[in-house]
Amino acid sequence: MIHLCIEEKLQAAVRAVLPDADASRIWVRPCPDLQHGDYQTNALMALAKQQRRNPRELATAVVAQLDVTPWCARVEIAGPGFLNFHLAPHAINAALQEALGTGHSFFKKATTPRTIVIDFSSPNVAKPMHVGHIRSTILGDALARVFRLLGHRVITDNHIGDWGTQFGMLLVGWKTLLDAATLERDPIAEMERLYQAINLAAKEDERIREQARAELVKLQSGDAENLGIWRRMLELSQSQFDNVYGRLGIQFDHTLGESFYNDQLGAVLAELARAGIAEESDGALVVFFRDHATMNDNPAIIRKSDGAANYASTDLATLRHRVEQWQAQEILYVTDGRQQLHFQQVFTIYQRWHPQMTARLEHVWFGSILGPDGKPFKTREGGVVKLAALLDEAEERALTAVTQKNPDLDEATRREIARAVGLGALKYADLSNNRQSDYTFDWDKMLALQGNTAPYLQYACTRVRSIFRKGEVADLSGATIALAAPQELALAKRLLNFGIALETVAAEYRPNYLCNYLYELAGDFTAFYEACPVLKAGDAERQSRLALCKLTGQVLHEGLGLLGIEVPEKM
RNA sequence: GCGCUCGUAGCUCAGCUGGAUAGAGCAGCGGUCUUCUAAACCGCAGGCCGUUGGUUCGAGUCCAACCGGGCGCGCCA
């Protein structure tokens, strides 16, 4: 948090020099090259440009007002107007010692906590969860964890697809083709089979299509039998969801699916029509964006011409619920990038509907997962990759690797390690990419112990733990830290920047910044580990190095935890 | 046609309000285990950052045009 202290002083100095300027965006970041210093700001150059001043002169004036004595040994003006801050050794030591004593890891809680709703995962009832749900699920969970740690009030909501036209088909299938034994054994597979069979039959046979429509109408009008079947399908699906989320270590505060908003839709649509926001067009209720720069050609249908609501109307009702009932100040929708237009429309409609609304709405979108051929990821047979099967394979592959490496461990231990490593690898592969990029799914790459992978980071953790297992280490909370070797200094300075990584994740909803940080930290630790013996060092040095190990383990563990990744004791 | 997005090393990817010599991993080449886990580590080599213009003291990053890929665009979600 030293950087925040420096930043605060720097901003104060800028205000002293330029009272009218906006100093809030004058940030301090780690120097990309430690040759130049530990922290730098390049923001004075931008400010100088804006103020039409000479950048070096401005920098000189700011430095004259700047007092960072407790933290910095010196401050330099460099190049066209960079400010480079060189940390004072005792400040680094003090920060590390404080973290050792408190167990608190180099970040600061938000001074003004926000209420943040995060909408993610959103699987469909009666269908298997598949690879298409994984990015949303993992990204949403990681973001929720980061915002919680930073002190925000986070509400996670699983907006499941539990209503809609597919239930007409499913009901017909349930009533005519249901195999009770299969349903007992594998309910999701059976429901999927019913849906596919009826769908196929309906393509050939108009009567089946008519039957499905009739069953849907009955369901929607509250028919007891159909509602009962629907509830049963919901229960069966929920236990599948619970199973997958249990394996992934994910919990939701709410699971308010589409059906939850059914009885609000009529009123929502009526309000939008009455307010003149929506209008009839070809029998549907539609919102136009006639004076909008890019959406003037893309109207949004909020009620179909057959009178049924669709996902736009449900999303509007959902949004209202989150703003009004939960007092959300920020709502994140973690979905596929293909829904950008949809959310732009929903957000715009809602702004027209509730112009006084101040909540920040963000579509936190992500790209596709591609197979080795560069096309959307499928099974060898060209089918959808089911999520449960994907988790199984991750664990199996990790088990093979662990067994090769450590054949002496008993099977239960190896399976437990494989679980953490396999699922960790799967999650990390997703999180370590820029979420907006498409990424190529590759088992070997994600499970590799070299490179920016979960196993590499977990391995670094086990090396730390191994030291403590062998070392019989006493309490380190009062240890004196002295940093001599360059690897010790580099590691120590990296530790200080954990909070910056968290800040950038939160600012841009991008967990890959945390991944990059952890990878760099693990790299620094490895360099230290290679160069600096810990247990064999002399007393004072041993204490200091053990302290570094402890803090590294603490930050790695906490960081991986934020990504939903567990750390095995051995691997 | 309109819109979104991507184009960085042979491959897979990073690149944080525009900033200092563009970074990793794999693959390639060469090294390191009587020493805290060598599925580890170190070194070498590898780049007109799609093209062309523009803005700027400074552009992989911003703007425009073009080339090439992916995706979206009235009753699926």
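Nucleic acid contact class of A:Arg25 (heavy atoms, under 4.0 Å, all strands): base. Within 4.0 Å of A:Lys470, counting heavy atoms only, lie sugar-phosphate atoms of the nucleic acid but no base atom. Counting non-hydrogen atoms under 4.0 angstrom, A:Cys532 reaches a base of the nucleic acid. Contact annotation for A:Asp442: no contact, since no heavy-atom pair falls under 4.0 Å across all strands. Here A:Trp163 lies out of heavy-atom contact (under 4.0 Å) with every strand. Contacts of A:Ser437 with the nucleic acid, taken as non-hydrogen atoms under 4.0 Å apart, involve only primed sugar atoms and P, OP1 or OP2. A:Asn512 comes within contact range of the sugar-phosphate backbone alone, with a heavy-atom separation under 4.0 Å but no base atom that close. A:Asn84 comes within contact range of at least one nucleobase, with a heavy-atom separation under 4.0 Å. At the heavy-atom level, A:Lys536 lies under 4.0 Å from the strands shown only through sugar-phosphate atoms. Residue A:Phe468 is out of contact with every strand shown, counting any heavy-atom pair closer than 4.0 Å. Residue A:Thr526 is classed as a sugar-phosphate contact, given heavy-atom separations below 4.0 Å to backbone atoms only. Across all strands shown, A:Met571 has heavy atoms under 4.0 Å from base atoms, whether or not it also approaches the sugar-phosphate.
Closest contact between the side chain of A:Lys304 and the listed nucleotides B:C41, B:C75, B:C71 involves B:C75. Of the candidates B:G72, B:A77, B:C13, the closest approach to any side-chain atom of A:Asn310 belongs to B:A77. For A:Gln339, taking side-chain heavy atoms from C-beta onward, the closest of the listed nucleotides B:A77, B:C36, B:A40 is B:A77.
A:Arg303 and A:Glu280 get closest at one heavy-atom pair: NH2-OE2, 3.0 Å. A pairwise comparison of heavy atoms in A:Phe498 and A:Leu562 identifies CZ-CD1, 4.2 Å as the closest pair.
Side-chain nitrogen and oxygen atoms of A:Asn433 include at least one within less than 4.0 Å of the OP1 or OP2 phosphate oxygen of B:A14. Listed pair A:Gln450 / B:A40 meets the phosphate criterion, a side-chain N or O lying under 4.0 Å from OP1 or OP2. Contact annotation: A:Asn452 does not reach the phosphate of B:G23 (side-chain N/O to OP1 or OP2, under 4.0 Å).
For A:Glu508 and B:A14, the CD to C1' distance is 14 Å, given to the nearest whole Å. Rounding to whole angstrom units, CG of residue A:Asn434 and C1' of B:U8 are separated by 14 Å. The nearest whole Å value for the distance from the CD atom in A:Glu520 to the C1' atom in B:G15 is 10 Å. Computed from coordinates, the A:Gln11 CD to B:U17 P distance equals 16 Å when rounded to whole Å. When rounded to the nearest whole Å, the span between CZ of A:Phe289 and P of B:G74 equals 13 Å. Rounding to whole angstrom units, CG of residue A:Asp373 and C1' of B:C11 are separated by 15 Å. When the C1' atom of B:C36 is taken as reference, atom CD of A:Gln543 falls 16 Å away, rounded to whole Å. Across the protein-nucleic acid pair, A:Arg435 atom CZ and B:C16 atom P stand 14 Å apart, rounded to whole Å.
No N or O donor and acceptor, one from the side chain of A:Lys375 and one from the base of B:G70, sit under 3.5 Å apart. Looking at A:Ser305, its side chain comes within 3.5 Å of the base of B:C75 through a donor and an acceptor atom.
Inspection of the A:His363 and A:Gln340 side chains reveals no N or O donor paired with an N or O acceptor under 3.5 Å.
Distance check on atom C1': B:G28 versus B:G69 gives 29 Å, rounded to whole Å.
Residue-to-nucleotide proximity on RNA chain B shows that, of A:Leu447 and A:Gln436, the 5′-proximal contact is made by A:Gln436. Position along RNA chain B of the nearest nucleotide to A:Asp306 versus A:Gly79 favours A:Gly79 as the more 5'-ward residue.
Between A:Arg435 and A:Glu508 no salt bridge is recorded (no basic side-chain N to carboxylate O distance below 4.0 Å). Checked for salt-bridge contact, A:Arg338 and A:Asp336 meet the test: a charged N lies under 4.0 Å from a carboxylate O. Salt bridge annotation for A:Glu7-A:Lys108: absent, with no cationic side-chain nitrogen under 4.0 angstrom from a carboxylate oxygen.
Residue ring and base: A:Phe82 counts as stacked with B:A20 (centre distance below 5.5 Å, interplanar angle below 30°). Under the stacking criterion of a centre-to-centre distance below 5.5 angstrom and an interplanar angle below 30°, A:Tyr439 is not stacked against the six-membered ring of B:U12. Stacking here means ring centres nearer than 5.5 Å and ring planes tilted less than 30 degrees, and by that measure A:His342 does not stack onto B:A77.
In terms of modelled atom types and a separation under 3.5 Å, the side chain of A:Gln458 and the main chain of A:Ile417 share no donor-acceptor contact.
Nucleotide B:G3 has B:C71 as its partner under the Watson-Crick or G-U criteria, with both atom distances under 3.5 Å. Pair assignment for B:U34 gives none, since no Watson-Crick or G-U wobble pairing has each distance under 3.5 Å. Taking a pair to require two hydrogen-bonding distances under 3.5 Å in either a Watson-Crick or a G-U wobble arrangement, B:G60 remains unpaired. Pair assignment for B:G18 gives none, since no Watson-Crick or G-U wobble pairing has each distance under 3.5 Å.
B:C73 takes the anti form, because its glycosidic angle lies more than 90° either side of 0.
A distance of 6.0 Å or more separates the ring centres of A:His36 and A:Phe82.
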